[in-house]
Each structure stands twice: as structure tokens, then as C-alpha cells.
There are 4 protein chains.
Amino acid sequence: MSERATTTTQGSRTRGALLRAGRRVLERKGLHKARISDITKEADVSVGTFYLHFENKDDLFRQLLITVEDEVYGELVPAEPGSVDPAQRIRETNRLYLTAFKRNAAFWTCVEAAALEQPDVPGVLAERNRYYRSRTERAIARWQAAGQVAPEVDPATAAFLLGAMTERLAYLWYVFGHREDVDQATEDLTRLWLNYLGLD
Amino acid sequence: MSERATTTTQGSRTRGALLRAGRRVLERKGLHKARISDITKEADVSVGTFYLHFENKDDLFRQLLITVEDEVYGELVPAEPGSVDPAQRIRETNRLYLTAFKRNAAFWTCVEAAALEQPDVPGVLAERNRYYRSRTERAIARWQAAGQVAPEVDPATAAFLLGAMTERLAYLWYVFGHREDVDQATEDLTRLWLNYLGLD
Amino acid sequence: MSERATTTTQGSRTRGALLRAGRRVLERKGLHKARISDITKEADVSVGTFYLHFENKDDLFRQLLITVEDEVYGELVPAEPGSVDPAQRIRETNRLYLTAFKRNAAFWTCVEAAALEQPDVPGVLAERNRYYRSRTERAIARWQAAGQVAPEVDPATAAFLLGAMTERLAYLWYVFGHREDVDQATEDLTRLWLNYLGLD
Amino acid sequence: MSERATTTTQGSRTRGALLRAGRRVLERKGLHKARISDITKEADVSVGTFYLHFENKDDLFRQLLITVEDEVYGELVPAEPGSVDPAQRIRETNRLYLTAFKRNAAFWTCVEAAALEQPDVPGVLAERNRYYRSRTERAIARWQAAGQVAPEVDPATAAFLLGAMTERLAYLWYVFGHREDVDQATEDLTRLWLNYLGLD
DNA sequence: TATGAATGAGGGTTCATTCAT
DNA sequence: GATGAATGAACCCTCATTCAT
């Protein structure tokens, strides 16, 4: 991690410009074809300035990843648990996820690419996955306790499978497939969850 | 396609050596970090020889992709349709798929990475997907006709979702997760299918 | 034209060093055998620096050509027209041309070679030729009007032929023939002009 | 010079095919861009065969040069000296030269390029030039003796200048200028000779 | 003689990174 | 902090030449 100066107001403004420019360039050209000079040109600063704020391209990417992740997953704020019925909760969360994913699909392509090559990226993603998986797991357990989900379902396995599938479908639809709608996608995805959990 | 010749026995032997070496190197270093010289060193030939058989690294990769795909999917030979019960059929196919995928997991990492950058790779993958999807679709329709699967299931959607999930799980388990067993994985995956289709 | 920047003083100093080094190397080794690395070594900069200022060897050559052309032809500044007698005028211009050509003979070898291969070089040369040809043509017409040159001479044809011959002789003498003197060469060449024009 | 075997009938047939192919390729691609493999492909033999008959590309070129020179200059067979009037003789020779040059213009481009780079090519050309120059020189001397050419003309200088000019004009017209006619070109060139020699 | 796969030195070009201003 | 010219290791690719068949 870079622990550079940039304590000045001007400094953090430049840093922000580089992050935004970095994201735009990465989305446009991909992780490998994006050159440092592309990013600095887009940010309207000199190459040297880049190294004042980041160690290298990977460093920029890692910091960008954290930023974007917060943006994507920060929106999946759970409503009052138990206050609504399971199907509704699942549908809502799926819609939020797909909406956020779609908005960041281009960047996500880079994330996938990076995850395949950079040793620490999978870790970052896995950590986040773990969090959401456990959230799902607890919800399923709750529904089981309430008799809404069959007892033979293993909450941990279910959470893993459903999470994987959600992720993959979002990826197929919005990264590869250029799907545009969110409503029908949410329905398709939700039906899958309900089916698997034996809900409704 | 490369217009390179090498019609002799010796020629195709060298070509084979390069393909095998290429695969090993790609699995070890990834598509981007693999150097042509790495591959030729591994194959014990000179750099020039590489260009006698392939146009460039992408060309080698493409030819390799075809070869490996045949290897992975060629094994999913369907048993006599209808001769066995659906659950058994699904379980068998899943086991074959996971087994083949696991054996080629390292190479598949490259494929996924390439799909994100090379414009034609997604097409190659999609074409194959289409084939297997339609096979699944027809099987589901058959089971519906036989009253084994509920009529409200849409075969096309089901085939798409199940295929995506199978792919993603194999990926998470064997590429990222370093899962080792096939038996339990087959059970988990199959349960998902059966659940979704309302079988058993 | 190269879109490379280098707006600083240091930048243009390096660019100048590369142009001078390029000329020396081209004269010594010829356009084909000159390596980029030869030029950067001669200019005492690194290879990368070359590409900061030029697109490639041809680009350097083209820019050099313009510079040297200006040097060679810039000296053929006409004295007061009509103020001297034709023979004297022709003799003076020929001397200036031969002197300048001789000083740049080595580089001219490259120019001739390049003209045979690079599609745009002939154009550059032809443009300049046109200019000097028209200058000669007007002078001849003036002398005809003054009754100094026979009326049956066609000024355009004469200008073309005399120009071609002057060029070729300079080439044969100083590029191939290693002739050293300028005085006698000027006399020989001038005699040819006078004879052809029926002057003296 | 290569002194290879090729005593067989088949051998010299292959050699001939390579020479013809070499000429075609050189004319099409130029001296530098022509690759050995281009030539062997055109001749429909393998690369190895090339080295059975020639040492390298330069060797092929040199042998080709001799062949083509013979073809071009072999046609300038002088008619009975003195049997015709000088103007007629000059006109005829010029026509023959321009005709032959035009037919070989494409190859001549290569010759010029080679002359600028290969150390021995200028020698080959100079030798031939010397021969034709001395032929011209003797003709001029003869015409002087017959009182047809002014005694103050120096036959050696005149032969040199006229030869150079003829060569250059042919080059400008047919290599660079894409001139097509021969009749008018012959007239222009001949007028130059007659003027210079004070004939007619 | 003829073949054509194999060789590998050699050259062009890129681009992350540095550092003097 | 900011600049951008300079650096040079690294990599791709070509093609003349060889040699086993």
C-alpha cells in the first residue's frame, strides 16, 4: 500500500482526479491495455504526479476496487429483518444488487480480470463475499426457525450456491450479455432463490 | 487461422510440442505473463520455430482453446436419453462435467481472463454454451412431457440458469477455491438442479 | 508528422542532437544499415529518447531532408536579375549549387536511395525541382526577350533538361566520382548551359 | 561470385527460373523488401534450392544485373560507322537506348538503389559506361575529323556530359516521371546532343 | 539436386519508472 | 507538490542461412 504524503487539499484533489480518471480509462481500455500515461492524460496531470499518489497501476487499481466495492455493496442496506416476508426481502435485495452491478459492469470486467492474475484481489473479493454470505445464511436460518424454509436445507450451502449464482448471472447478463432490463432479471433471479429455498 | 505450412511428420510433431508447452506455460504464468520465449524454451525449440506454426501468442491460445474445449466437453456424451431417470442423468452429466473441468481448471483460468480481453473468445465460448444449453433444454422439455417436471418451468430459462450456475460453481470450487473432491461437489450441484426443476 | 511534444529548451536541444547524429550516421552507413541504436549512441542518449522526438527512422529522415534541402537550396539566392550578363549569372548559380551539393554529397546519397523506396520522398524533391525549374525558365524567357537567346529554344524544355543535367553531373562527380574541384566543374557545367542556350 | 555446381540440364533450368523470378520480385517489391522466400515462392522451388544456385540475394542481383545489362545495351548495335549522317546516327541510337531503358525501367530502379549501397555495383555500371562513352568519344572525334563537329569540342568531355544527361533523362522520364512516349523523348534528347555538338 | 523445418542473432518499439528542474 | 524528458530493460517478430532427409 502506498502511504504517500498528499495531505494538502490540492493533493487529495489530484488524487481524486487520478482515481476517477483511472476508473474511466480502465473501463474503456481494460486492465492491461490501460497505460499510466493514459490515466494521467485523462486526469490532466503529468506522469510524474501519478507516482506521487500511487505506487503503480496495481496500487491504483486496489484503491479503486475498495472505492467501487463500497459503492456497489453499500447500497445493499438491509431493511428491518423480519419486518417483511422472505420473498419480498429477497426480491428487494436482488433488485438492489442487480441495479448496482449493472451500473458498474464495465469496471467489474476489470475486477474479474485482476482477480485471475493479482494474488491479493481474490482475497479482497472473498472477504466481501463472506460477509454477504453470512448475512444470507443468517436470514435463511431465521426463515427456517420460522418454519418458512424446509429444515433439510443447509443454510451455509444454500447461501454459497445462491450467492455464486447471483454473481454469475449478473456477470453473464450485464458484462457479456448486454442485457438492459432490471425488472425481469430481478424476477428470474428471485424465482431461482425461491425455488431453491422452497419458498412460495 | 494461420497460413503456416509444416506438412511433414516432424513438423506436426513440433507443433504438438509447442501446443503442449504452451498449455503448461499458460497455466503456470497466465496469458499475459507468458512469453513466447518461455513457451519455446519449454518446448525445446527456438523462437523462430514458434512463428513457423503460429501467428502469435493469441493464435496459439485460440488453437489451444479449441483443443481443450473438445477435451472438456467431448466427454459429456449423453447416455441413452430416457433410458434412465432424470435425477440419475443429471447426476451423471454433472459428475462428468466437474471431473473434466477440474482436470482443466488451471487452463480455464486463462480462458476466463482471455474472454475478458480478446474479442473473439467470448464468441467461441458462447457457441459451445448454446449447444449444451439447447441439449439441457430439450431434456427438460422431455421430462415435462413425461410429467416429471412441473409444466410452469420454462425449459429455456431453466437451461440458462442451471448452466450458468454449474459453470460458476465449477469455477469457484476448482479455480478459486481449490476444492478437491468431486463426489460431494456433484451431490451439491445435482441437488441444486433437482430442487430447481422440482424433481424428487 | 510526429505528434511528440518536448516543448522545453532541453527537449529541443536533445532533438537537435538527434538530428545531427542522425545525419552523421546516415551519411556513414546509409539509410538501411543505420540502426536507431547507432543514432542514439552517436547522440549520447538512450533508445527511448529517440521515440520521444521521432516516430521512427523514416520520420527522422524526412525531417532531416527538409533541413538539408533548405541548407542546399537556400544559398541559391539570385543576385539582381538582369543586372549581370547571362553567362555570368549562370556561372555564379552553378558555382553556388555545386559548392552546396558537394558539401552535402554524402547525405544526398541517402536521399537518392530513399527516393527510390519511400513513396513521399520523390514528391518532396519534385516540388523543389519545380521551383528552381520555373526560376530558370523565367530567366531564359527574359534572355530571349532581350535577344540574347535564340527564339526557337523552348524555355520550359530547356529548363528541364539543364536542371536534370546539372543534378546528374553533380551526382556523378561528387557522389560517385569523388571529384574534388569546384572551379573546373563549374566551367564544364556552365559551358554546357551556354552551348545549349546558344549564349556566348 | 558463386561457383556452384548446376551442371545438369535440370539444374540450369532451375537457375533460370530463379533469375526470372528474382527479376519479377525485385521489380515488384524493390531490392530491400524482396525476401529470398518471395523469390523462391515465385520460382516455385524451395528456399534451400536458392542457396544451391546463388550465394545470397546480392549474388543473384549481380548476376541479374549482367543479364539485364546485356539485354539493354546489346541492342545498341552500331550501324556501319560513317555510312549515315551524324544526326541520324545519334537519333537512332537514342531511340534504341530509350526504348530498351523504358522496357527495363522497373528493374533499373533497383539497380540505382543497389549502386548506392553495394560497393561493387557502381563498378559494374561504370565499366559499361566507359565502353559506351569511348564509343561516343570516337564517333565525335570522327565527326570532328570530317569537319562536321567544331574542333574546340573536347570529345571526352562531350561524351561524358552527353552520356550522363542521357542516362539521367531516361531515369527522370521513365522511372520517376512515368513518361510513356518514345518518339518525342527521342526528339528532345537528340536535339540536346545536336545542340551541344553544334550539329545541324 | 531438391526440400522445407529449424535456427537465432538482430532490430524496432513500448512503457513503467526516475529525477532534475 | 507538480512537471515531463530521459531511461533502458524487456519483448515481439523477421528472415537469411543451414542441414537432415
Side-chain angles (χ1 to χ4, degrees), chain A residues 4-15 33-41 44-58, chain B residues 4-15 32-38 40 44-57, chain C residues 4-15 32-38 40 44-57, chain D residues 4-15 33-41 44-58:
Chain A
R4 307 317 182 86
T6 67
T7 44
T8 327
T9 316
Q10 170 59 23
S12 68
R13 195 175 302 141
T14 306
R15 199 188 118 93
K33 287 180 187 158
R35 287 165 301 162
I36 302 284
S37 63
D38 291 330
I39 297 169
T40 55
K41 235 172 259 160
D44 216 42
V45 297
S46 74
V47 252
T49 302
F50 180 90
Y51 290 91
L52 240 39
H53 296 279
F54 305 97
E55 254 172 30
N56 47 40
K57 195 162 61 172
D58 286 355
Chain B
R4 328 268 147 171
T6 61
T7 47
T8 50
T9 318
Q10 173 58 26
S12 65
R13 194 175 303 141
T14 305
R15 197 191 123 93
H32 276 95
K33 288 182 185 155
R35 304 292 148 214
I36 304 282
S37 60
D38 292 332
T40 54
D44 213 41
V45 296
S46 73
V47 242
T49 301
F50 180 90
Y51 292 94
L52 218 53
H53 297 278
F54 306 98
E55 256 170 32
N56 48 39
K57 198 164 56 172
Chain C
R4 328 267 149 173
T6 63
T7 46
T8 51
T9 318
Q10 173 58 24
S12 65
R13 194 175 303 142
T14 305
R15 198 190 122 94
H32 276 95
K33 288 180 186 157
R35 305 292 150 217
I36 304 280
S37 60
D38 292 333
T40 54
D44 213 43
V45 296
S46 72
V47 244
T49 301
F50 180 90
Y51 291 94
L52 218 52
H53 296 277
F54 306 98
E55 256 170 32
N56 47 40
K57 199 163 55 173
Chain D
R4 308 318 182 85
T6 68
T7 43
T8 327
T9 316
Q10 171 59 24
S12 67
R13 193 176 300 140
T14 305
R15 200 189 116 93
K33 288 180 186 158
R35 286 166 301 162
I36 302 284
S37 63
D38 291 330
I39 297 169
T40 54
K41 234 171 259 159
D44 217 42
V45 297
S46 74
V47 251
T49 302
F50 181 91
Y51 290 92
L52 240 39
H53 297 278
F54 305 97
E55 255 171 28
N56 47 39
K57 196 162 62 172
D58 287 354

Return the value, rounded to whole Å, for the distance between atom CZ of C:Arg15 and atom P of F:dG4.
18 Å
Whole-Å distance between F:dT14 C1' and D:Asp38 CG?
12 Å
How does protein contact run along nucleotides 15-21 of chain E, one letter per nucleotide 5' to 3', with B for base contact, S for sugar-phosphate only, - for none, heavy atoms under 4.0 Å?
SSBB---
Whole angstrom value for the distance that separates P of F:dA5 from CZ of C:Arg13
14 Å
Could I get the full list of side chain to side chain donor-acceptor pair (under 3.5 Å) partners for C:Thr49, not counting sequence neighbours?
C:Ser46
May I have the distance from A:Lys41 (atom NZ) to F:dG4 (atom P), rounded to whole angstrom?
12 Å
DNA chain E in dot-bracket form (Watson-Crick or G-U pairs under 3.5 Å, [ ] crossing, | inter-strand) is .||||||||||||||||||||
Please name all residues satisfying side chain to side chain contact (heavy atoms under 4.5 Å, CB included) with A:Lys57, sequence neighbours left out, ordered by chain then number.
A:Ile36
At less than 4.0 Å, is any side-chain N or O atom of B:Ser46 found next to OP1 or OP2 of E:dG8? Yes or no.
no
Set of salt bridge (Lys or Arg N to Asp or Glu O under 4.0 Å) partners for A:Asp38, sequence neighbours left out
A:Lys29, A:Arg35
Separation of E:dT13 C1' from C:Phe54 CZ (nearest whole Å):
16 Å
Check the distance between E:dG8's C1' and B:Asp44's CG and give it to me in whole angstrom.
14 Å
With D:Asn56, which residues qualify under side chain to side chain contact (heavy atoms under 4.5 Å, CB included), at least two apart?
D:Asp58, D:Asp59
Answer yes or no: does a side-chain N or O of D:His53 lie under 4.0 Å from OP1 or OP2 of E:dA2?
yes
Please name the pair of heavy atoms, one in D:Thr40 and one in D:Val47, separated by the smallest distance, quoted to 0.1 Å.
CG2-CA, 3.8 Å
When rounded to whole Å, the CG to P distance for the pair B:Leu52 and E:dG8 reads 14 Å
